[in-house]
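See structure below.
Note that this is a predicted model, so its numbers are computed, not measured.
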Amino acid sequence: MRSPKEQPTALSPVSPSPAPLPPRWAVRAARLVPLIVLPTGLWRLAMVCGLPSGYTAEGFVPFDTPGAKLWMLMLSVVCELLALLTLGLVRPWGETTPRWIPVIGGRTVRPLAAVVPAAVGALALTAIWATMPWWWAYPHPDMTPLGSLLVGVIYQPLVLWGPLLGAVTVSYYRRTRTPRPPTDR
């Protein structure tokens, strides 16, 4: 039998104790990720609007089609949304689903449901952007010299996306994992 203090009421349901607050470095890293992705998205959106954005007239032709513009628009939006999901690893909505979401609203997020996709994403992003530091080692005949410099500069920060996501993911996992009772051995 529970004591009166332990009795759940309609206003105070029994729920698991909240995870500790994320470390300050993890919050800063999570906030940095969408900012790292933003310049490349804006660059692509400029191309969607018809600006060559550093390409020569001939080099811009493949990007001046409806299909290419749709692809660049969708890529920009999806990348920024994925970058914003990093914030969920340091915000309360990463531990309890917001109530306004149909069907799953208000439910506790299982840590591995966030950790596994975030870890896979961190590894994939690290692999995808690993060669970006060598951008200037390769010729870009379809770009102007200034355009090549611009693209190199705005894409270089993406090298940090995977490692930052990985670090924030490890922090989330450490905060949200359930402690295991010690075993007697």
Shortest non-hydrogen contact between P141 and T56, atoms and distance: O-CG2, 4.3 Å
Option passing side-chain contact (heavy atoms from CB on, under 4.5 Å) with V33 (candidates L160, L85, T86): T86
SG of C79 to CG of L84: how many Å apart, nearest 0.5 Å? 11.0 Å
Between W43 and S53 (side chain of the first, backbone of the second, donor and acceptor by atom type, cut-off under 3.5 Å), is there such a pair? yes
In terms of the angle between their ring planes, are H140 and W135 parallel, tilted or perpendicular, with boundaries placed at 30° and 60°? parallel
Could you see if L21 belongs to whatever hydrophobic cluster contains V27? Use Ile, Leu, Val, Met, Phe, Trp, Tyr and a side-chain cutoff under 4.5 Å. no
Please check: side-chain N/O of Y55 versus main-chain N/O of F63, any donor-acceptor pairing under 3.5 Å? no
To the nearest 0.5 Å, what is the distance between CG (L158) and OG1 (T126)? 11.5 Å
Between A118 and T169, what is the shortest heavy-atom contact and its length? CB-OG1, 3.3 Å
Indicate the atoms forming the closest heavy-atom contact of W25 with V168, along with that distance. CZ3-N, 4.5 Å
With rounding to the nearest 0.5 angstrom, report the CZ to CE distance, R44 to M74. 12.0 Å
A26 to S171 - nearest heavy-atom pair and separation: CB-OG, 3.6 Å
V109/Y172 under side-chain contact (heavy atoms from CB on, under 4.5 Å): CA gap, chis, key distance, verdict: CA-CA 12 Å; V109 175; Y172 177 87; 4.0 Å; yes
Main chain of Y155, side chain of T40: is a donor-acceptor contact present, judged purely on distance under 3.5 Å? no
Which atom pair, heavy atoms only, marks the closest approach of L165 to G121? CD2-C, 4.0 Å
Here the gap from L164 atom CG to L32 atom CG, rounded to the nearest 0.5 Å, amounts to 5.5 Å
For P20, does its backbone N or O pair with a side-chain atom of R175 as donor and acceptor, under 3.5 Å? yes
Look at the side-chain heavy atoms of Ile, Leu, Val, Met, Phe, Trp and Tyr, link any pair under 4.5 Å apart, and say whether W136 and I154 land in one connected group. yes
Would you kindly confirm whether I36 and V153 end up in one hydrophobic cluster when ILVMFWY residues are joined by side chain heavy atoms under 4.5 Å apart? yes
Please check if the side chain of E58 supplies one atom and the backbone of D142 the other of a donor-acceptor pair under 3.5 Å. no
Under 4.5 Å between side-chain heavy atoms, hopping through other hydrophobics if needed: is there a path connecting M72 to I128? yes
About how many Å separate CG of L89 and CD of E95, when rounded to the nearest 0.5 Å? 9.5 Å
Please evaluate residues E80 and L38 with respect to the criterion side-chain contact (heavy atoms from CB on, under 4.5 Å), reporting the C-alpha separation (whole Å), side-chain torsions for both, the decisive distance (0.1 Å), and the verdict. CA-CA 7 Å; E80 197 61 40; L38 187 60; 4.0 Å; yes
Taking the side chain from T96 and the backbone from G106, do they hold a donor-acceptor pair closer than 3.5 Å? no
Would M143 and V151 count as a side-chain contact (heavy atoms from CB on, under 4.5 Å) here? Give the steps. CA-CA 9 Å; M143 302 191 88; V151 170; 3.1 Å; yes
